[in-house]
Amino acid sequence: MSFINQITEMQLDVLKEIGNIGAGNAATALSKLLNKKIEMKIPSARVLSFEEMMEMAGGSDQTVASVYLRIEGDATGSMFFILPLHQVEHSIQQLFGSSSLPYDELDQDIAASALQELGNILTGSYISSLANFTNLSLVSTVPTLSIDLFGAIISYGFIELSKESDVGIVIDTALKEDAGTNTESIKGYFFLIPDPNFFTIIFNALGISNDD
């Protein structure tokens with residue numbers, strides 16, 4: 001039976017709560033880095049098929065920025081942090097103080113460095129929270145940044161992963177400056193793609209079974 005038919009609402013709520021803890025840690029780290037108050041929320045967590053994930057990001061021909069890393073240790077998997085291109089421009093302008101220029105007119109080295117650091121903080125905070133929550137040893141590889149069509153970025157990874165799994169967890173993110181400002185939220189997605197037994201190991205560590 002597919003994992004999509006096995007996961008319980010309680011298990012999904014736990015993953016969302018871990019995401020919220022990670023969001024708080026990420027917001028703190030970003031606030032220190034940027035010297036401004038940052039808020040980050042995790043509105044929802046969902047189990048979706050690979051096809052549904054593609055549709056959620058706007059389709060395979062949507063240009064996105066992606067920060068990718070592998071989760072290694074007691075449980076293994078892959079994580080993508082995805083930002084649509086218009087959100088990339090907004091994130092650099094709002095968070096990193098760049099002028100109101102489209103992404104392709106910004107200094108590419110600076111923009112890429114800023115995006116990679118953003119993705120590194122966000123993904124690292126989630127994995128650290130997951131490790132602390134479960135008392136498992138989990139580490140991440142060095143994140144890599146890509147800006148390309150969504151289908152081109154993840155198709156190879158999905159093809160390889162689909163041999164072992166058919167779903168992933170999608171965690172929405174909403175990141176913005178302090179609520180007292182008029183800035184819009186930066187909205188992106190975490191795609192958490194498990195290797196075999198990833199979630200079994202996670203939920204066993206938490207003492208949560210599919211029968212709970």
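In this text, all values refer to a predicted model and were calculated from it rather than measured experimentally.
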key: From I193 atom CD1 to T76 atom OG1, the distance as rounded to the nearest 0.5 Å   =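 Spacing of CD1 (I193) from OG1 (T76) equals 13.0 Å.
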
ask   = Nearest 0.5 Å, what's the OG1-CG distance between T63 and L149?
value =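 Atom-to-atom, T63:OG1 and L149:CG are 5.0 Å apart.
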
Taking C-beta and beyond as the side chain, do [X] and [Y] meet within less than 4.5 Å on heavy atoms?
X: Y189; Y: D172; result: yes
X: L192; Y: F199; result: yes
X: Q11; Y: I169; result: no

Shortest non-hydrogen contact from [X] toward [Y]:
X: L138; Y: A75; value: CD2-O, 3.4 Å
X: S140; Y: I127; value: CB-CD1, 3.6 Å
X: M40; Y: A26; value: SD-CB, 3.9 Å
X: S125; Y: G22; value: CB-O, 3.3 Å
X: G119; Y: V67; value: CA-CG2, 3.8 Å

key: Candidates I208, L206, T200, I202 - the one meeting side chain to side chain contact (heavy atoms under 4.5 Å, CB included) with N204   =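 When I208, L206, T200, I202 are each tested with N204, the side chain to side chain contact (heavy atoms under 4.5 Å, CB included) holds only for T200.
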
request  = Test Y68 against every option in S146, S78, P143 by the side chain to side chain contact (heavy atoms under 4.5 Å, CB included) rule and name the one that passes.
outcome  = S78

query = What residues form a side-chain hydrogen bond (donor to acceptor under 3.5 Å, both in side chains) with T28, not counting sequence neighbours?
reply =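 Listed in chain order: nothing, the list is empty.
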
message = So, using side-chain hydrogen bond (donor to acceptor under 3.5 Å, both in side chains) as the criterion, who are the partners of N25 when residues are at least two apart?
response = S129

query = Step by step, would you call I171 with M79 a side-chain contact (heavy atoms from CB on, under 4.5 Å)?
reply = CA-CA 11 Å; I171 304 170; M79 179 174 281; 5.8 Å; no

ask   = Just by distance, do the side chain of S66 and the backbone of I82 share a donor-acceptor pair under 3.5 Å?
value = no

task = Might you work through the side-chain contact (heavy atoms from CB on, under 4.5 Å) test for Y126 and I71, ending with a clear yes or no?
result = CA-CA 11 Å; Y126 184 87; I71 303 170; over 6 Å; no

